[in-house]
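One structure is given here, and the rest of the page talks about it.
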There are 2 protein chains.
Amino acid sequence: MELEAAKLKYIQTWGSLATSWGINKTMAQVHALLLVSIEPLSAEDIMDTLKISRGNVNMNVRALIDWGIVRKEFVVGERKEFFVADKDIWELFKQVTKERKKREIEPVIKVLEELQNDVKEESEEAEQFKKLMQDLSSVTSTVNNILDKAIKADEHWLLSSFTKMIKK
Amino acid sequence: MELEAAKLKYIQTWGSLATSWGINKTMAQVHALLLVSIEPLSAEDIMDTLKISRGNVNMNVRALIDWGIVRKEFVVGERKEFFVADKDIWELFKQVTKERKKREIEPVIKVLEELQNDVKEESEEAEQFKKLMQDLSSVTSTVNNILDKAIKADEHWLLSSFTKMIKK
DNA sequence: CTAAACTTTCAAAAATTATTGAAAATTAAA
DNA sequence: TTTAATTTTCAATAATTTTTGAAAGTTTAG
C-alpha cells in the first residue's frame, strides 16, 4: 500500500473509532493528520487535506489544544500559525486519560456520592438504592484510581508492571 | 432528598454520562431505570416513567439485551414481557467492558496492524509511519490485555489486587 | 380457527450535533 | 497610522442520530 493511502486510511479509522467513544470525528481526524505529518501543518494544510472549512479547522484545533494534545508551532519566515501533535503515544494516552477523567468521571463520582448521602429515608427500598449508589461509586472510583496511577506512571508501567501482575 | 427524586436524578446523570462516552442517552436511562427498580418493568412502565414511545423502548431494551446487561423476565399471571437489569455492578462493568472491547477496540488493533504491514516503502517517512502504527498498536493492545484480565478476574480483583499494586 | 394482546418494524419527523462561510476581530507588516 | 494577512466567531445550514407512532407481525387465550 502507498504511504499516502495508508496515512489516509489511518485518519479514517481513527475518526470512526473516535465517534464510538464520544469524540467528534473531525477532531480525531485532525489529530490523526497531525500525528502522521512530519512537518507542522497550517490551517490551510488541514483544510485542504481533510476537505473541511476554515472555521471547522479552527474549532477543532483549538479543542485539541485545550485537550493538551496539540500545540502551536512557529515556522521561520511564516506569519501564520502551524500545529503539531506530540508523537509520543504513551504521553497521548496519559493526556487523554487525564482529561476524560477530569471532565467525565470525577463529576459522576461526586453525584453518586451525593445521592448516596442525600437520601435520608430508611426503608428497605432506600437501602437498596444506597447500596447501588455505593457499588457504582466503588467501581467508578476504583477505575478512577487506576487511571490516576497510569497518568503518573512512567512510560513502561503500563506495559511491564501491569502485565507482570496480570500474568499471575 | 426523596427516594423517587434521587432515582430520577441518578437516571439523568447516567444518561448524560453515557452521551459523553458514545452511548445513546435513552439506552443508558432505560438501563438506569431497570437498575433502580426492585420489580421487573414492562415496556409500558418504561414508557410512562421516561416518557418515551413504545418503539423507542423496544429498540433500546433490545440493544441492552444484545449488550448482555438486561434480560427478559416472566411474571406469573402476566402475558406481557418484563425486563430486569442485573444488580451486580462488577458484573455490569465486566460485561460492558467485554462488549466494547470486542466491538470497538479489537477491530482497530487489526487495522493498525494491517497498516503497519501493508506499507512496503522504506523511506524515512515510511519508517516513521510504521513506528507510529506500532506504538498505537502497542498501547491499544496493552489496554486491551488489561481489560481482558479484568473481564476474567473475580469480583475482588479490581478492588484489592489492583489497588494494592497501585499503592506501592 | 379468530380475536385480542402484545411486540416489532421502519419511514417520517424531531432533536441534536457538526459544519460552513462570511463578517468581525486581531495581529503584524509596511 | 493604514493595510493586508490571518484568526476567530457564530448564525445559518447541513448532516447525523434519535424518536415517534401507526401498521405489520407474532403470540396466546378462548
Side-chain angles (χ1 to χ4, degrees), chain A residues 11-12 14-34 39-67 70-84 100 103-104, chain B residues 11-12 14-34 39-67 70-84 100 103-104:
Chain A
I11 292 168
Q12 286 306 120
W14 217 234
S16 57
L17 175 70
T19 309
S20 58
W21 288 88
I23 293 161
N24 176 294
K25 189 179 112 191
T26 304
M27 181 171 151
Q29 290 185 330
V30 171
H31 181 256
L33 173 60
L34 292 172
E39 302 289 311
L41 300 182
S42 69
E44 297 211 331
D45 295 333
I46 299 170
M47 285 168 66
D48 295 347
T49 312
L50 301 181
K51 308 274 184 278
I52 60 178
S53 74
R54 185 175 295 284
N56 199 5
V57 169
N58 188 271
M59 291 276 227
N60 283 297
V61 162
R62 282 193 306 118
L64 288 166
I65 291 173
D66 186 43
W67 273 63
V70 160
R71 59 177 202 284
K72 290 185 183 178
E73 187 144 299
F74 294 98
V75 171
V76 284
E78 288 275 14
R79 179 163 162 190
K80 58 188 166 198
E81 295 175 325
F82 287 77
F83 306 98
V84 289
R100 297 207 77 163
R103 294 170 198 224
E104 296 149 13
Chain B
I11 291 168
Q12 286 306 121
W14 217 234
S16 57
L17 176 71
T19 309
S20 57
W21 287 87
I23 293 160
N24 176 292
K25 188 178 114 192
T26 304
M27 181 170 151
Q29 290 186 328
V30 171
H31 181 256
L33 173 60
L34 292 172
E39 302 290 312
L41 300 182
S42 69
E44 297 209 330
D45 295 333
I46 299 170
M47 286 167 66
D48 295 348
T49 312
L50 300 181
K51 308 274 183 278
I52 61 177
S53 73
R54 185 175 297 281
N56 201 5
V57 169
N58 188 272
M59 291 276 225
N60 283 296
V61 163
R62 282 193 305 118
L64 289 165
I65 292 173
D66 186 42
W67 274 63
V70 160
R71 60 177 202 283
K72 290 184 183 177
E73 186 143 299
F74 295 97
V75 171
V76 285
E78 288 275 15
R79 180 162 159 189
K80 59 187 164 198
E81 296 175 325
F82 287 78
F83 306 98
V84 289
R100 298 206 77 164
R103 294 172 197 223
E104 297 150 13

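Nothing here was measured: the structure is a model prediction, and the numbers come from that model. Every chain is numbered from 1 and lettered A, B, ... according to where its sequence line falls, protein lines coming before strand lines.
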Answer yes or no: is there a donor N or O on one side and an acceptor on the other, between the side chain of A:T49 and the main chain of A:I46, under 3.5 Å? no
Please answer whether the main-chain N or O of A:D45 pairs with a side-chain N or O of A:D48 as donor and acceptor at a distance below 3.5 Å. no
Measure from [atom1] on [X] to [atom2] on [N] and round the result to the nearest Å.
X: B:K25; N: C:dA15; atom1: NZ; atom2: P; value: 12 Å
X: A:N24; N: C:dT17; atom1: CG; atom2: P; value: 12 Å
X: A:E78; N: C:dT27; atom1: CD; atom2: C1'; value: 16 Å
X: B:I52; N: D:dG21; atom1: CD1; atom2: P; value: 12 Å
X: B:K51; N: C:dA14; atom1: NZ; atom2: P; value: 21 Å
X: B:F74; N: C:dC6; atom1: CZ; atom2: C1'; value: 12 Å
X: A:K80; N: C:dA29; atom1: NZ; atom2: P; value: 15 Å
X: A:N56; N: D:dT13; atom1: CG; atom2: P; value: 18 Å

Could you check B:L50 against B:I11 for side-chain contact (heavy atoms from CB on, under 4.5 Å), going step by step and ending with a plain yes or no? CA-CA 9 Å; B:L50 300 181; B:I11 291 168; 4.0 Å; yes
With respect to the side chain of A:M59, which nucleotide from D:dC10, C:dA18, D:dT8 is positioned closest? D:dC10
When you get a sec, tell me which of D:dT18, C:dT8, D:dG21 is the closest nucleotide to the side chain of B:T26?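 Among D:dT18, C:dT8, D:dG21, the one nearest the side chain of B:T26 is D:dT18.
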At less than 3.5 Å, do the side-chain atoms of B:R54 and the base atoms of C:dT7 form a donor-acceptor pair?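 Check fails, no donor-acceptor contact within cut-off.
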Any B:R100 side-chain heavy atom under 4.5 Å of B:W67 side chain: yes
Going by atom types alone, do B:R62 and B:N58 pair a side-chain donor with an acceptor below 3.5 Å? yes
Within less than 4.0 Å of OP1 or OP2 of [N], is there a side-chain N or O belonging to [X]?
X: A:R62; N: D:dT9; value: yes
X: A:N58; N: D:dC10; value: no
X: B:N60; N: D:dT18; value: no

Pick the nucleotide of DNA chain D nearest each of B:R79 and A:E44; which residue has the one closer to the 5' end?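 In this pair, the answer is A:E44.
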